[in-house]
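Here the structure comes first, spelled out in structure tokens, and everything after it is commentary.
Just so it is clear, the model here is predicted, and its values are computed rather than measured.
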Amino acid sequence: PRNSGSGARRASCRRSARSSRFPALSTPGLGDYSDPARFEITEADRELFAQKLGGFIPPNAFDAHAHWYDLRHIDVESIVPEVGYDAMLESMRQWMGDAVLTEGLFFGFPVSQLDCAAANRFVADEIKAHPNCRGLMLIRPDDDPAEVEAVLCENNFSGFKVYHVFAEREDSFHAEQGEFLPEWAWELAHRHGLWITMHMVLPKALSDPRNLAYIQTQCRRFPNARLVLAHAARGFNAAHTTDAIDGLRGIDNVFFDTSA
């Protein structure tokens, strides 16, 4: 028993020593990702941009996937809650300098409890003040199609942003695309020639046969709609995209954005 207790104390000391050298990391919250006032830009960030990306970004590039939002709509407290055009430029100039992008396609920050109407009004107001930018509407499957079409036309939105957290299920990372991209949205996109930004889920993304079959079917049914697969078809595991991309050959209205 004496030896056992001694060993336990030694193990405890080793754990304490490790803890002092490697303090536990706190899990970042939504505000850490969404509030520019919390971002810490260092000289190393600026050096990394200059070395790896500064010469890669062409002048007058158009950002095809970015978010504008009011932090109060996503329950984040901030001294500067409105993250629109001005806040974006101020934050990005800290590490991009004169290479900062000034034009793009913007939409709200999708979280499950979001008031999409309020988020869309914020984006619409920003777009009106910056006519070289474009906006997408956040939509939910249970939205009224006629009301969506009226807001779409009134605010000159370029299309829709859909997201899995709006699916009617708790495990939304296993939602199929049709669960959060309703048929009526395809019909409106086809009628008006609109863009749909799709952040697909399911574990294998484009390599999941359900995702690939859905894209093939819907894009052929609605050829005047333009489906944009966000994050290189959610290719965070690159093989999930590259192994399946041949399945989209010959479909002219499907595209990819390369937002990280």
Side-chain angles (χ1 to χ4, degrees), residues 27-34 64-69 71 73-76 105-120 123 135-145 148 152 157-189 194-219 221-222 225-241 243-245 247-248 253-260:
T27 302
L30 179 59
D32 297 308
Y33 297 113
S34 59
H65 183 136
H67 300 271
W68 282 341
Y69 44 89
L71 288 162
H73 296 158
I74 58 175
D75 297 328
V76 172
L105 178 72
F106 299 92
F107 34 89
F109 198 115
V111 294
S112 59
Q113 74 275 16
L114 183 69
D115 180 343
C116 289
N120 290 332
V123 172
L136 299 181
M137 283 185 70
L138 287 170
I139 57 170
R140 295 177 181 270
D142 59 356
D143 285 343
D144 181 272
V148 168
L152 178 85
F157 281 114
S158 297
F160 305 122
K161 165 64 176 173
V162 297
Y163 203 59
H164 63 92
V165 296
F166 300 140
E168 288 295 326
R169 60 156 71 210
E170 291 189 7
D171 59 336
S172 68
F173 275 103
H174 289 85
E176 297 187 33
Q177 292 172 83
E179 294 182 56
F180 53 99
L181 173 48
E183 193 81 354
W184 56 260
W186 279 103
E187 293 169 356
L188 288 176
L194 302 176
W195 170 309
I196 302 172
T197 291
M198 160 61 72
H199 179 128
M200 72 177 73
V201 282
L202 295 176
K204 291 187 177 181
L206 192 61
S207 286
D208 189 298
R210 291 168 291 178
N211 276 335
L212 186 59
Y214 177 86
I215 294 167
Q216 292 168 333
T217 299
Q218 295 298 92
C219 285
R221 286 184 62 207
F222 301 101
R226 294 162 177 80
L227 183 67
V228 181
L229 304 179
H231 315 296
R234 191 170 158 264
F236 303 132
N237 179 331
H240 290 164
T241 296
D243 289 351
I245 196 171
L248 301 178
N253 58 331
V254 62
F255 304 87
F256 297 76
D257 76 35
T258 55
S259 170

key: Residue pair H240 / L206, side-chain heavy-atom distance below 4.5 Å   =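 When only atoms from C-beta onward are counted, L206 and H240 do not touch, as no gap falls below 4.5 Å.
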Non-hydrogen atoms of [X] and [Y] that approach each other most closely:
X: F160; Y: A185; value: CE1-O, 3.6 Å
X: P141; Y: F180; value: CG-CA, 3.7 Å
X: L114; Y: P110; value: CD2-CA, 4.2 Å

R169/E176 under salt bridge (Lys or Arg N to Asp or Glu O under 4.0 Å): CA gap, chis, key distance, verdict = CA-CA 11 Å; R169 60 156 71 210; E176 297 187 33; over 6 Å; no
Could you give the distance from [atom1] ([X]) to [atom2] ([Y]), rounded to the nearest 0.5 Å?
X: F107; Y: N120; atom1: CZ; atom2: CG; result: 11.5 Å
X: K161; Y: I196; atom1: NZ; atom2: CD1; result: 11.5 Å
X: L30; Y: D75; atom1: CG; atom2: CG; result: 8.5 Å
X: R234; Y: N211; atom1: CZ; atom2: CG; result: 8.5 Å
X: Q177; Y: L212; atom1: CD; atom2: CG; result: 9.5 Å
X: N237; Y: S207; atom1: CG; atom2: OG; result: 8.0 Å

ask   = Would you call D208-R210 a salt bridge at under 4.0 Å N-O?
value =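 R210 and D208: salt-bridged.
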ask   = What about the rings of F106 and H67, do their centers lie closer together than 6.0 Å?
value =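 Ring centres of H67 and F106 not closer than 6.0 Å.
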task = Fit a plane to each ring of Y163 and H199, take the angle between them on a 0 to 90° scale, and name the class: parallel (under 30°), tilted (30 to 60°) or perpendicular (over 60°).
result =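 Ring orientation of Y163 relative to H199: perpendicular.
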query = Do the rings of Y69 and F109 sit parallel, tilted or perpendicular, given the 30° and 60° boundaries?
reply = perpendicular
message = Using a 6.0 Å cut-off, check whether atom CD of Q113 has over 12 heavy atoms from anything other than its own residue.
response =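 Yes, CD of Q113 has more than 12 neighbouring heavy atoms, counting only those of other groups under 6.0 Å.
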task = For F173, look at atom CZ and say whether over 12 heavy atoms of other residues, nucleotides or ligands are found less than 6.0 Å away.
result = no
